[in-house]
Amino acid sequence: MSDATPPEATILVVDDTPTKLYILSSWLRRAGYAVVEATGGLEALQRIAELHPDLVVLDVRLPDISGYEVCERIKSDPATSSIPVIQISGAAITAADRALGLHRGADGYLAEPVEPDEFVATVEAALRYHRARQRAERLAARLGALTDLTLAMNAAQTFDELLSTAVSGTSRILGRRTGVVALAPDGRTRRLTALPPDGTPTFRTVQPPVLQFLGERALGQRAGTEFLIIPHDYWSGIAPDTPSRQDITAVLSRTKRDRPPVLLGVEPDPELDQDELSMLRQLGQAVALAVEALRAYAEEHAIALTLQRSLLPSRVPQVAGLDIVWRYQPAVDNVEVGGDFYEVLELGEQVLVAVGDVQGHSLLAATVMAELRHALRASLIGKVELDQSLSLLNDVLRRYHPRMTATVCLTLLDPATGEAQIANAGHIPPLLLDGDGGARYHERFGNLLLGVAEEVYRIDRVVVPPGGSVLMFTDGLVEDRDKYLDDSLEIARRAAEEIGDDMDEAAGRLIDTFGAREDDVALVIVRRRPDDRSPLPAEG
C-alpha cells in the first residue's frame with residue numbers, strides 16, 4: 001500500500017456484489033479517502049448528482065444499466081464531465097473490453113484480480129490528473145476574469161465606479177469577502193467591501209491615515225507590491241464598521257514613488273493557496289494601475305483647465321446700461337486644452353463682445369487662441385474698426401500659423417442708443433433678442449473664416465432695443481454628431497426666447513438644454529437694460 005497521505009477526497013464505489021463492494025471500499029478508506037457506495041447504475045447517477053464526488057470506481061456489469069452507459073452519462077453532463085471514472089471488472093477483461101470502456105469515457109480500466117497497491121495507485125494517479133486539470137481550468141477562468149476586470153476598471157468614468165468594479169470583481173474571482181481602500185483625487189480616502197457570489201459593493205468608513213501608515217511600514221517610499229497580514233483587532237479599530245471577524249490577507253500596491261498606495265484585501269478562511277495568492281497580487285497591481293491612471297487623468301484635466309482659464313478673461317467689466325453674463329464650460333471628456341474664447345472690452349462709450357474658436361484641441365490651439373485674443377486687443381487701441389480687426393487676425397493666422405483656421409464674431413454695442421455693429425468671420429451668428437420673447441439669428445455665418453484666404457470683412461449694423469439682448473456662443477454648444485446643425489440652432493433659438501430677467505439662470509439653462517458636451521462651450525449674453533437698474537454682477 002502507498003505510504004503517501006493523499007489529499008482529502010470523496011470516492012463513489014459502484015458495484016452490485018456486496019463482497020467486492022466491501023473490499024474496494026475498505027482499501028480506499030485505509031488509504032484515507034471518504035467513501036460513498038452504490039449498488040446500481042441509476043443509484044450511482046443519483047449519488048453523483050447529489051454529492052459530486054471527486055472520483056467514481058465503477059463496475060462494468062450492473063443489474064439495471066451497464067457501467068459503460070453510466071460512464072457515458074457522467075461524461076456527457078457538463079456538470080459532471082470532469083469527474084474521473086475508473087472502471088473495474090472481473091468478467092469484461094479482454095483488450096477489446098478495456099478499449100470499449102476507455103472509448104466510452106473511462107479514465108482508467110482495471111481487470112480483476114487487482115492488487116490493493118495497484119488499485120490505490122491508479123486512484124491516486126487519476127485524482128492527481130483531475131486536480132491538475134481542475135487547477136488549470138480554474139486558473140484559466142480566473143485569468144480570463146482578471147482580463148475582463150482590468151478592461152472594466154480602465155473603462156470606469158469615475159473613481160468610485162473604478163473602486164466598485166474592482167472590489168466586486170475581486171470578490172467574484174476569488175469567492176471571498178473583499179475590501180479595497182484608496183485615496184481619491186479629491187483627497188478623501190474611499191473604502192468599499194463586497195461579498196460573493198453577487199459582489200455588490202458597499203461603501204464603508206475608514207480612518208484616513210491608514211494608507212500612509214501601512215504604506216510606510218510595507219513599502220516606505222518605493223513603488224512595488226507587498227503582502228500584508230492585518231490583525232482583526234487593528235483593522236476593527238480603524239474601520240469599526242468592518243463586517244469581517246478575521247485577520248485580513250492583503251496586498252499593498254504603489255505604481256510610482258511617493259504616490260498613495262492601494263490596499264486590496266480578502267478574508268483568508270479557508271487559507272489561500274499559491275494560485276490564489278498570485279491572483280490576489282495581480283489583482284492588487286491591476287487596481288493600483290487603474291487608480292493611478294484615473295488619478296493622473298484627473299490631475300492632467302485640472303492642469304489643462306487651469307491653463308485654459310488662465311488664457312481667458314478673469315472677469316468682464318460692469319458697464320452702465322448693460323447686464324452681462326458669461327459662461328465657459330470645458331468638454332466633459334477632453335483632457336486637452338482647446339481654442340474656444342470670449343472677450344468683453346469697454347471701448348470708450350461702447351462695449352465690444354467677441355467670441356471665437358480656433359480649430360482643434362491641443363496646446364497649439366490654446367496658444368493660437370491666446371495670440372488672437374491679444375492681437376484683437378491690440379487692434380482696438382485707437383480707432384475701432386471691426387473689419388480691420390478681423391483682417392489683422394486673418395493676417396496673423398495666415399502668416400504665423402498657416403495650417404490653422406479660426407472663426408470669430410465681433411459685436412460692438414453702444415449701451416445708450418442700442419446701435420450695434422456686427423462683423424463675422426465664419427462663426428455662428430449672434431442671436432438677437434427683442435425683449436418681448438422674439439429671437440432671431442442675425443445672418444448665417446457672415447464672411448470667410450480666418451486663415452483661409454485674404455478677405456474683405458463686412459460690417460452689419462443693427463439696433464438692440466431697450467430690454468433686448470445679444471447672445472453669442474461657440475459651436476460646442478450646438479454641434480452633435482447625431483443631429484443636423486440647423487436643428488440644433490433652432491433648439492438654441494427657441495431656448496433663447498425663454499430668457500427672462502434672471503440671465504444667470506437662463507445661461508445655465510441654455511447649456512443644460514444640450515446636456516454634456518463633447519466640445520468646449522463659450523457663451524456671452526449682453527442685455528441692454530430698459531431702465532436705470534444697477535448692472536448685474538458678471539457671472540462665469
* **Full working for side chain to side chain contact (heavy atoms under 4.5 Å, CB included) between Asp54 and Ile11** => CA-CA 6 Å; Asp54 297 289; Ile11 298 176; 5.6 Å; no
Contact summary for [X] and [Y], nearest pair of heavy atoms:
X      : Y      : value
Phe159 : Ala182 : CZ-CB, 3.9 Å
Asp64  : Gly41  : OD1-N, 2.9 Å
Arg254 : Arg222 : NH1-O, 2.8 Å
Ile248 : Gly265 : CG2-CA, 4.0 Å
Pro243 : Arg191 : CD-NH2, 4.2 Å
Leu219 : Ser253 : CD1-C, 4.5 Å

If I take atom [atom1] from residue [X] and atom [atom2] from residue [Y], how far apart are they, to the nearest 0.5 angstrom?
X      : Y      : atom1 : atom2 : value
Tyr109 : Ile86  : OH    : CD1   : 13.0 Å
Arg131 : Arg138 : CZ    : CZ    : 10.5 Å
Arg245 : Glu267 : CZ    : CD    : 9.5 Å
Leu523 : Arg327 : CG    : CZ    : 8.0 Å
Ile173 : Ser168 : CD1   : OG    : 9.5 Å
Leu510 : Ile525 : CG    : CD1   : 6.5 Å

Whether the side chain of [X] engages the backbone of [Y] through a donor-acceptor N/O pair (distance < 3.5 Å, no angle test) should be reported.
X      : Y      : value
Asp273 : Glu276 : yes
Ser25  : Leu21  : yes
Ser244 : Gln246 : yes
Gln87  : Gly67  : yes
Glu479 : Leu477 : no
Lys75  : Val70  : no
Arg135 : His130 : no
Ser76  : Arg73  : yes

* Asked: After noting the C-alpha distance and the side-chain angles of Asp107 and Arg133, does the key distance pass the salt bridge (Lys or Arg N to Asp or Glu O under 4.0 Å) rule?
  -> CA-CA 13 Å; Asp107 299 278; Arg133 178 180 173 183; 5.7 Å; no
* Show your working on side chain to side chain contact (heavy atoms under 4.5 Å, CB included) between Thr249 and Ile229 and close with a plain yes or no. => CA-CA 5 Å; Thr249 298; Ile229 302 297; 3.5 Å; yes
Decide whether [X] and [Y] meet the rule of one side-chain donor and one side-chain acceptor closer than 3.5 Å.
X      : Y      : value
Thr513 : Arg509 : no
Thr367 : Glu371 : no
Thr158 : Asp160 : no
Thr39  : Asp16  : no
Arg281 : Thr225 : no

Taking everything shown except [X] itself, do over 12 heavy atoms lie less than 6.0 Å from its [atom1]?
X      : atom1 : result
Tyr22  : OH    : no
Glu505 : CD    : yes
Glu50  : CD    : yes
Tyr129 : OH    : no
Arg217 : CZ    : no

Hey, does [Y] have a side-chain heavy atom less than 4.5 Å from the side chain of [X]?
X      : Y      : answer
Trp27  : Val123 : no
Thr242 : Arg204 : no
Pro53  : Arg47  : no
Thr202 : Leu192 : no
Arg259 : Thr255 : no
Ile491 : Val478 : no
Arg190 : Leu183 : no
Thr165 : Leu149 : yes

* **Contacts of type side-chain hydrogen bond (donor to acceptor under 3.5 Å, both in side chains), residue Asp247, not counting sequence neighbours** => none
* Please test Arg29 against Glu37 for salt bridge (Lys or Arg N to Asp or Glu O under 4.0 Å), starting from the C-alpha separation and ending with a verdict. => CA-CA 12 Å; Arg29 288 190 178 99; Glu37 299 175 348; 3.7 Å; yes
* To do: Kindly determine whether Asn154 and Leu162 satisfy side chain to side chain contact (heavy atoms under 4.5 Å, CB included), including the steps that lead there.
  => CA-CA 8 Å; Asn154 289 328; Leu162 190 162; over 6 Å; no
* **Pairing of Arg104 and Glu69 as salt bridge, 4.0 angstrom limit** => no
* To do: In sequence, state the C-alpha distance, the side-chain angles, and the governing distance for Leu263 and Ile230, and then conclude on side chain to side chain contact (heavy atoms under 4.5 Å, CB included).
  => CA-CA 11 Å; Leu263 182 72; Ile230 305 177; 4.1 Å; yes
* Asked: Considering residues at least two apart in sequence or located in another chain, which fulfil the salt bridge (Lys or Arg N to Asp or Glu O under 4.0 Å) criterion with Lys20?
  -> Asp15, Asp59, Glu112
* Do you know which of Val60, Leu62, Leu58 makes side-chain contact (heavy atoms from CB on, under 4.5 Å) with Tyr68? -> Val60
* Apply side-chain contact (heavy atoms from CB on, under 4.5 Å) to Gln359 and list each qualifying residue two or more places apart in sequence or on a separate chain. => Met404, Thr405
